[in-house]
Amino acid sequence: MATFIDIQNLSKRFLLRRNRSGELKTRFLGLFYRDRREVIDELWALKNVSLTVGQGESIGLVGRNGSGKSTLLRIAAGLHRPTSGHVLTRRGVRIATLIELGVGFHPELSGRENIYLNAAIHGLSRQDINEMYPGVVEYSELHDFMDVPLKNYSSGMQMRLGFAVAAHLDPDVLLLDEIFAVGDEDFQKRCLKTVHRFLNAGKTIIFVSHAAASVRAICRRVCLLDHGELLFDGDVDAGLGAYQRLLAASASAPGAEPLPSPATSEIDAAAARESVELDGAWHRLAVGGLWDEVGTSLFEFLKAQGLRPHHYVLDVGSGSFRLGVHLIPYHEAGRYIGLEANEDLVRAGAEIELPRVGVNPQSVRVVVADRFNLTGLPQVDFAVAQSAFVHLSLNAIAQCIATVVRKLAPGGRFFAAYFENPDSANGEAIVHPGGLKTHADAEPYHTSFEVLAGICAGVGAHAERIPDWKHPQDQRMMMITRRVDT
Amino acid sequence: MISRTPAAPNTTGAEALVDANAATGTIAGTVQSIFQYRELLKHLVLKDLKLKYRGSWLGFVWSLVNPLVMLIVYVVAFKYILGVRGEGFVFLLLLAILAWTFFSSSLSMSAGGIVDNGALIKTVAFPRAVLPIASIFFNLAQYLLTAAVFIPLMLLLHRTPPSVPMLLFPVFLLLQVALTVGIGLALATGTTFFRDIRHFLEIALSVMFWTTPIIYDFNTISSPWQWLVLFSPLSSYVLAYQRIFFYGEWPGVAVSIIAVAYALVALSAGVALFSRYEREFSEQL
């Protein structure tokens, strides 16, 4: 594979001037008022980024706002000059940049005139433009409007014309900012189709996006940037997983780290606000509240236990994907299996929570059933019941353990959380730290390790306490493995 | 599923990779890239010409009305009200006004060539020099259209026979274009960093209007002032046009040397300044 673009140790510093001293007034006032003086802030938009782009690759540049992905695209396009480092491009390779559609369109000029002008801005020769022109008109489906001034076009028509020109520039490398974000579904589909045709022709694409779904649809490789550093460069699922974790971390701890620009903090704050508002939603309350905290803490726990993206994992009582929002992006495609009895919860999770973390609900495997029937599913390395035991009677728990244990791959482990009743003889309700009240004979259930261990022994499994798990609502954790007969 | 077929033969080796940033920033790189984008230059000039007259009844005639009205006003003011006498006052005035209008409108427009096109510069990579140069070429086109009407007309009215020195007209026009492009590029660069330059330009142009022999005859002013006027940026070109068309004589050594020197210095300084800062424009807007 021939190298088309070679980015070497690229760094970019922006100087952000407040109270620019370009104005004499500022200089004068600065003599008397400290806060009126010019302040120059340094912002390192990119720090020592190296990246090689080969022919025919489709790379998704992902990252939060202000992570430097657009800056990287602009430097590769030659719009900005690197502060240090190099961008090498293969001699003779034509690079086209699409950051915004229809820039340079003039409202008073006709469609035809705008096509010629726009193509010329992108560096096409007269002959190239004459050759591409019929294709552009056909693609845009605006035959009858070619002699009408652009100001009389609807915004949708203008967008169509803009993309039609872009689609016919025919470069070797296309640098694409998130231009699909605008436009209706039909327009987006058309864009996607064109991009695929482009890739099929062996062309190269670098695509900046926030949307995991678009990245998945276009890219074969993902580069994750954060605070100007290249955190990840590799396959799409792992890259997007890393990106989702980054988003999840910033949403659960807004303002925990210094944010690079006002624009970023606004957006992060909006995401955090959204997350807080969602906490009141029924599909989150139904699974016991503290939605984010429980999901995050369990996910971190599983990773500490050795969970890796290539493992198969079974989420028993996946509910509205409290744990799924962490696991699905983290795992390789198809490695996550959800099991849930409440169809409404699954639907709410799929409609609200999964898109929020950029997961396409269609790609997630969930078994909706109120029986523990796991036939036809692969063996799993990890199984986890985050709160299933809290909602199940002992009878159902026994059935659950028996079924899940048989699905464990050799060395597989089943982690289950439950509310502990320290005194099995006590039949009264227990109030846990945090205020939750549990019962022996009604939901939410509590039970004891001894009882659960006894059930395990009865179905050929071995139970073990996991003492060092800190659950925000005082649940305890146990590990169940298949008993190895010696 | 996306299947891939390599479009070009795969040749590996680092020597085929070039640093895109090494080429820009040099004078040769800038000149070469402008030539590559000549199609864009053409379309930008055509756009301005079309838009200027689109929707108006008189269209191109408006380009003739402006110098004509200025001419009438100056003739009435100087010849009839102030009683200035002089051989061929109207012809000399016309040649100067046309050249001056080309010069001053070009500079006013090209000073904003970068700052007025922020959206384009921030999103598409193309040689930025095309923008100010296009506005200069637009004014050149206007100049040629009006000159093609007025100069033959004046020659006819004055019964001036065609003479050999008139062949120098394209040469001096080219020199004036070079001067204007040089200053225009420098102004476009400067305005991007200091917006004050536009205001300064207005004042400088109104001073220059009086230091250029437009509404007075160069031959009627006294000798020390003649030298001062001669060194004003546009004077040598105006004098050259007046001498070759009205007097039918050669422009003279002093005028020629100054015209050539100014054009070359301005052009090379302008291009050098522009290429040096071109890559910073997108961050300044």
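Letters A, B, ... mirror the listed sequences (proteins, then strands); counts begin at 1.
- One finds a salt bridge joining A/E113 and B/K50 here, because a Lys/Arg side-chain nitrogen approaches an Asp/Glu carboxylate oxygen to under 4.0 Å.
- Neither the backbone nor the side chain of A/T204 comes within contact range of chain B; no heavy atoms are under 4.5 Å apart.
- Between the side chain of B/S282 and the backbone N or O of A/L79, at least one donor-acceptor pair lies under 3.5 Å.
- Here the side chains of A/T97 and B/V124 are not in contact, with every heavy-atom distance at 4.5 Å or above.
- For A/F145, the CZ atom is loosely surrounded, since the number of other residues' heavy atoms within 6.0 Å does not exceed 12.
- B/L120 touches chain A through backbone and side chain together, each having a heavy atom under 4.5 Å away.
- Counted within 6.0 Å of CZ on B/F209, heavy atoms from surrounding residues, nucleotides or ligands total more than 12; the atom is thus considered enclosed.
- Within 6.0 Å of CZ on A/R126 lie no more than 12 heavy atoms contributed by other residues, nucleotides or ligands.
- With respect to chain A, the highest number of heavy-atom pairs below 4.5 Å among B/R38, B/R195, B/K42, B/K122 belongs to B/K122.
- The structure places CD1 of A/I115 at 11.5 Å from NE2 of B/H43, a figure rounded to the nearest 0.5 Å.
- Interface residue A/L124: only backbone heavy atoms are found under 4.5 Å from chain B.
- How far NE2 of A/H106 is from CG of B/D48: 8.0 Å, rounded to the nearest 0.5 Å.
- Of the atoms belonging to A/H122, heavy atoms from both backbone and side chain fall under 4.5 Å from chain B.
- A/L98 places none of its side-chain heavy atoms less than 4.5 Å from the side chain of B/T123.
- A distance of 4.5 Å separates CD1 of A/I129 from CD of B/E39, quoted to the nearest 0.5 Å.
- Within the 4.5 angstrom heavy-atom criterion, atoms from both the backbone and the side chain of B/E283 approach chain A.
- For A/A77 against B/A125, the heavy-atom pair with the smallest separation is O-CB, 3.3 Å.
- Using a 4.5 Å cut-off between heavy atoms, B/L46 makes no contact with chain A at all.
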